[in-house]
Trainee: 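Below is one structure. I have some questions about it.
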2 protein chains.
Amino acid sequence: MESGTAFEDALSRVVWALRRAELAVQAAKEPGLRAVGVPAAHYALLVHVHLFPGLSGAELARRLGVTTQAVALLATKLEARGLLERRVHPRHRNVQELHLTDAGSEALQEADTAVLEVERRVREKLGPERHAVLRELLDEVTDELGGPSARQWTGRGQG
Amino acid sequence: MESGTAFEDALSRVVWALRRAELAVQAAKEPGLRAVGVPAAHYALLVHVHLFPGLSGAELARRLGVTTQAVALLATKLEARGLLERRVHPRHRNVQELHLTDAGSEALQEADTAVLEVERRVREKLGPERHAVLRELLDEVTDELGGPSARQWTGRGQG
DNA sequence: TGCCTATCGTCAAGCGCTTGACATGATTCA
DNA sequence: TGAATCATGTCAAGCGCTTGACGATAGGCA
């Protein structure tokens, strides 16, 4: 294993394959999302706000793996476009709950079509079983490497 | 299909699992790479220059999926640190060949240790067979979604 | 009541990357 | 030879995100 240069196989590792696949997915989603005027980052936030309405910006940031700044800037833009609504938390006056407007729900619906199309292509290419296997393997990787566990992302863990 | 909100399962899709896994991998690599003073983006360029010495900045950019600007800026920094060398192409005086210096090779070796550690953790978690399955599935996704085919990345396709 | 701590949100500065435009050099064709 | 075309590399401007610091609010404790 230590014989000579050890990284001739660098590009054939899983971590690289993962990066390539992620880049390909992003590239595949981008035109569809752009067509409906919802960049990828905006889409990600919209989905989370839809699935977990009323969360604070800081909490969203943790789930998305970005800083609170990024969420705040994004939220400002989405609010300006009328897709998102900031409400003051009833108990904590300094905290803002984020909710989707009707227009936001519509935009999300349209954007999701583009993402679903990519998911469909992958599913058709792999077939249902291997599609499911891939998801399971990816979740195990996420779990093993820590960070936000896959459970946390999909669960309704807190309110 | 149109029954109610259609994207309740958004976070359980493969495309999301892929993103989560990629984020986890990046987060897992980062501290190790930072320890040896080689950020992730620098590492990616160093690996490619090592595997395909003499490529032009534009060609590298295509393979890395970034712009020529990004490569040029990176190359400038790496050159300033003495890890990388710019040589004028013998025939095309306007083209610069990129090569690793000895210091660059050493830095790459150290940095690669951190990446290998992540790869090892994933391999141990999944076991050899499923590890290989994951790589195969990811390559198929990359192939299906087009962009730079997995072959192009690993192959010695051109010189 | 008053102090301390934690959390949330915002402001300012910096960094990395992209986009667009331009200059240079090499190849192709008339 | 001379002009058109293409690829490479660089300059300038803009955008998105991060880092660091600050003010504001709610809960814990004496």
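In what follows, chains are A, B, ... by sequence order, proteins preceding strands, each numbered from 1.
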Trainee: Go through the steps to decide whether B/L11 and A/L51 satisfy the test side chain to side chain contact (heavy atoms under 4.5 Å, CB included), and finish with yes or no.
Mentor: CA-CA 9 Å; B/L11 298 190; A/L51 292 179; 3.6 Å; yes
Trainee: I'd like to compare against my own output: the B/S/- annotation of nucleotides 2-7 of chain D with a strict under-4.0 Å heavy-atom distance to protein.
Mentor: ------
Trainee: If the plane angle is over 60° it's perpendicular, under 30° parallel, otherwise tilted; pick one for A/H89 and A/H92.
Mentor: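 Judged by the thresholds at 30° and 60°, the geometry between A/H89 and A/H92 is perpendicular.
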Trainee: Would you indicate whether A/R34, at its atom CZ, is surrounded by more than 12 heavy atoms from other residues, nucleotides or ligands within a distance under 6.0 Å?
Mentor: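 At most 12 heavy atoms, drawn from other residues, nucleotides or ligands, come within 6.0 Å of this atom.
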Trainee: Give me the distances for all protein-to-nucleotides 15-18 of chain D N/O pairs that come in under 3.5 Å?
Mentor:
{"from": "D/dG16", "atom 1": "OP1", "to": "A/K77", "atom 2": "NZ", "distance (Å)": "3.3"}
{"from": "D/dG16", "atom 1": "OP2", "to": "A/K77", "atom 2": "NZ", "distance (Å)": "2.7"}
{"from": "D/dT18", "atom 1": "OP2", "to": "A/T67", "atom 2": "N", "distance (Å)": "3.1"}
{"from": "D/dT18", "atom 1": "OP2", "to": "A/T67", "atom 2": "OG1", "distance (Å)": "2.5"}

Trainee: Taking atom types as modelled, is there a side-chain donor on B/H99 or B/E97 under 3.5 Å from an acceptor on the other?
Mentor: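 The answer is yes; a qualifying pair exists.
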Trainee: Can you tell me if CZ on A/R91 sees more than 12 non-hydrogen neighbours from other groups inside 6.0 Å?
Mentor: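 No - once you tally the heavy atoms of other residues, nucleotides and ligands closer than 6.0 Å, there are 12 at most.
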Trainee: Extract from the structure each pairing of a protein N or O with an N or O of nucleotides 27-29 of chain D at less than 3.5 Å, listing the distance.
Mentor:
{"from": "D/dG27", "atom 1": "OP1", "to": "A/R91", "atom 2": "NH2", "distance (Å)": "3.0"}

Trainee: Same cluster or not: are A/V122 and A/L33 linked, directly or through other Ile, Leu, Val, Met, Phe, Trp or Tyr residues, by side-chain heavy atoms under 4.5 angstrom apart?
Mentor: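 Cluster IDs for A/V122 and A/L33 match.
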Trainee: Going by atom types alone, do B/Q26 and B/E22 pair a side-chain donor with an acceptor below 3.5 Å?
Mentor: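 Judged by distance alone, the side chains do pair up.
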Trainee: As a quick check of understanding, evaluate salt bridge (Lys or Arg N to Asp or Glu O under 4.0 Å) for B/R121 and B/E124, giving each step before the final call.
Mentor: CA-CA 5 Å; B/R121 282 175 65 186; B/E124 252 181 35; over 6 Å; no
Trainee: Would you say A/V15 ends up clustered with B/L138 if hydrophobic residues are merged whenever their side chains have heavy atoms under 4.5 Å apart, either directly or through other cluster members?
Mentor: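 Linked, B/L138 and A/V15 end up in one cluster.
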Trainee: Tell me the interatomic distance from B/R34, atom CZ, to D/dT19, atom P, rounded to whole angstroms.
Mentor: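 Rounded to whole Å, this separation is 8 Å.
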Trainee: Using atom CZ of A/R93 as one end and atom C1' of D/dG23 as the other, report the distance to the nearest whole Å.
Mentor: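 For the pair A/R93 CZ and D/dG23 C1', the rounded distance is 15 Å.
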Trainee: Ion pair present between A/R13 and B/D112, side-chain N to carboxylate O less than 4.0 angstrom?
Mentor: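 Yes.
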